[in-house]
Amino acid sequence: MSTDSDVSIGFVGAGTLGRGLALALAAVGCSVTAVSSRTRASADWLAERIDGCVALDTPQDVADRCNLVFITTPDGVIAEVAAGVNWRAGQGVAHCCGAASTELLTAAADAGAAVGAMHPFQTFAALSEPAAAARRLSGVTFAVSATGWLADYLPSLAQRLDGRAITIADEMRPLYHASAVLGCGYVTALLDAAISLWTQMGFTVEDGVQAAVPLARATIEAIAAAGPAAAVTGPAVRGDAATIAAHLEALSQHAARLIPLYRELTLASLPLARSKGVGEADLAALSDTITAL
Ligand SMILES: NC(=O)c1ccc[n+]([C@@H]2O[C@H](COP(=O)([O-])OP(=O)(O)OC[C@H]3O[C@@H](n4cnc5c(N)ncnc54)[C@H](OP(=O)(O)O)[C@@H]3O)[C@@H](O)[C@H]2O)c1
């Protein structure tokens with residue numbers, strides 16, 4: 001079983017990723033035919049948006065109806081969900097967890113199912129319609145590891161979504177996933193910190209978002225165009241210790257909780273500063289300034 005027309009795809013877990021991936025697969029012509037979730041309302045939400053997809057009561061109902069089941073629950077319950085289903089030999093079962101490989105699906109493998117881990121290096125937040133979900137996956141890297149027919153089929157799904165499949169050694173998956181978290185969730189935490197300073201200045205969160213987003217977007221675009229070393233700006237990479245000292249003084253008065261974060265990011269910027277030609281004496285002055293407070 002390896003052609004799209006043969007494969008009916010089901011989802012267990014209609015949350016952030018389950019919704020986005022199911023919508024995107026449907027948008028590129030895959031047969032997404034069934035979904036179940038912990039709550040019926042979540043399954044209904046997804047089924048209502050995909051032609052030919054039905055909301056079912058249990059993971060077993062989805063497994064009985066589909067050739068390939070994506071278990072898109074939180075990471076901590078994937079193995080438990082997999083262990084609660086009677087899988088058929090030859091059926092496909094996959095998850096989208098970044099940090100773990102197919103070991104979460106041992107129960108399905110023991111029953112003779114082909115198993116796979118297919119993790120998109122992308123965020124699925126705030127997707128509600130198929131075309132937007134498909135656009136979000138275009139150009140995305142998928143870490144794929146699979147057995148049986150899924151070894152060919154999951155990479156073909158990534159390609160169909162206009163993404164690219166790569167292989168990450170199982171022991172490297174936590175490191176790979178740390179990269180995803182640094183590049184997504186922690187970017188959000190960082191921008192939240194930047195935006196919070198606007199409220200300290202008497203503006204609203206919306207004012208902060210309006211100010212920060214064009215700046216962050218241009219930064220990302222510059223990185224995409226030329227790489228981090230060419231894109232980075234700011235006092236640390238100019239060797240400007242006096243401005244760093246002024247920032248630390250302001251933070252100590254208005255947002256002291258952000259000083260450790262600011263300090264670590266300044267230190268993390270020093271290799272970029274060096275690559276841009278900042279001399280060793282200026283780098284030492286920066287280090288002294290940042291560790292003095
Ligand atoms: N979020 C992302 O952008 C992203 C990106 C890459 C990979 N992932 C991976 O995708 C997977 C899902 O993450 P998520 O962010 O989508 O989580 P999420 O938003 O919390 O969604 C998980 C869904 O699973 C359902 N669920 C929870 N326990 C269940 C159970 N025992 N049986 C059936 N359904 C259950 C919940 O359903 P109800 O709504 O019905 O309560 C919930 O909607 C994880 O493996 C994660 O690592 C996520």
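Order of listing sets the numbers, starting from 1, for every ligand and every atom in it. Scope of the values below: all heavy atoms of this structure, side chains included, with no hydrogens, waters or symmetry mates.
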Which of the numbered atoms in ligand 1 are under 4.0 angstrom from any heavy atom belonging to [X]?
X    : answer
Q122 : 3 (O), 5 (C), 6 (C)
P120 : 6 (C)
A14  : 43 (O)
T123 : 3 (O)
T72  : 12 (C), 22 (C), 23 (C), 24 (O)
D75  : 44 (C), 45 (O), 46 (C), 47 (O)

Residue portion contacting ligand 1 (non-hydrogen atoms closer than 4.0 Å) for [X]:
X    : value
L17  : both
E80  : neither
C97  : both
C184 : neither

Are any of the N or O atoms of [X] closer than 3.5 Å to those of ligand 1?
X    : result
A125 : no
I78  : no
H119 : no

Starting from [atom], find the nearest protein heavy-atom neighbour and note its residue, name and distance.
atom                    : value
atom 19 (O) of ligand 1 : T16 OG1, 2.8 Å
atom 39 (O) of ligand 1 : S42 OG, 2.6 Å
atom 43 (O) of ligand 1 : G15 CA, 3.1 Å
atom 9 (C) of ligand 1  : C96 O, 3.4 Å
atom 25 (C) of ligand 1 : S37 OG, 3.7 Å
atom 2 (C) of ligand 1  : F124 N, 4.0 Å
atom 11 (C) of ligand 1 : T73 O, 3.5 Å
atom 31 (N) of ligand 1 : V81 CG2, 3.9 Å

With the side chain counted from C-beta on, respond yes when [X] and [Y] share a heavy-atom pair under 4.5 Å apart, and no when they do not.
X    : Y    : result
V144 : I166 : no
L258 : L197 : yes
T219 : I223 : yes
V69  : F11  : no
S37  : R19  : no

> Can you check whether a protein heavy atom sits less than 4.0 angstrom from atom 45 (O) of ligand 1?
Replying inline: yes
> Heavy atoms only: which of V140, T39, D44 is nearest to atom 40 (O) of ligand 1?
Replying inline: T39
> Heavy atoms only: which of A117, G13, P74, G20 is nearest to atom 22 (C) of ligand 1?
Replying inline: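 The nearest heavy atom belongs to P74.
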Between [X] and [Y]: side-chain donor-acceptor atoms closer than 3.5 Å:
X    : Y    : result
S42  : T39  : yes
S269 : R274 : no
R173 : S101 : no
E206 : Q210 : no

>> Consider side chain to side chain donor-acceptor pair (under 3.5 Å). Of D57, D64, T58, which one does Q60 pass it with?
In response: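 By the side chain to side chain donor-acceptor pair (under 3.5 Å) criterion, Q60 pairs with just one of D57, D64, T58: D64.
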> With a cut-off of 6.0 Å (strictly less than), are more than 12 heavy atoms of other residues, nucleotides or ligands near CD of Q159?
Replying inline: no
> Should the heavy atoms of other residues, nucleotides or ligands under 6.0 Å from CZ of R40 be counted, would the total exceed 12?
Replying inline: yes
> Can the ring centres of H247 and Y262 be said to be less than 6.0 Å apart?
Replying inline: yes
> Can you say whether the rings of F121 and H119 are parallel (under 30°), tilted (30 to 60°) or perpendicular (over 60°)?
Replying inline: perpendicular
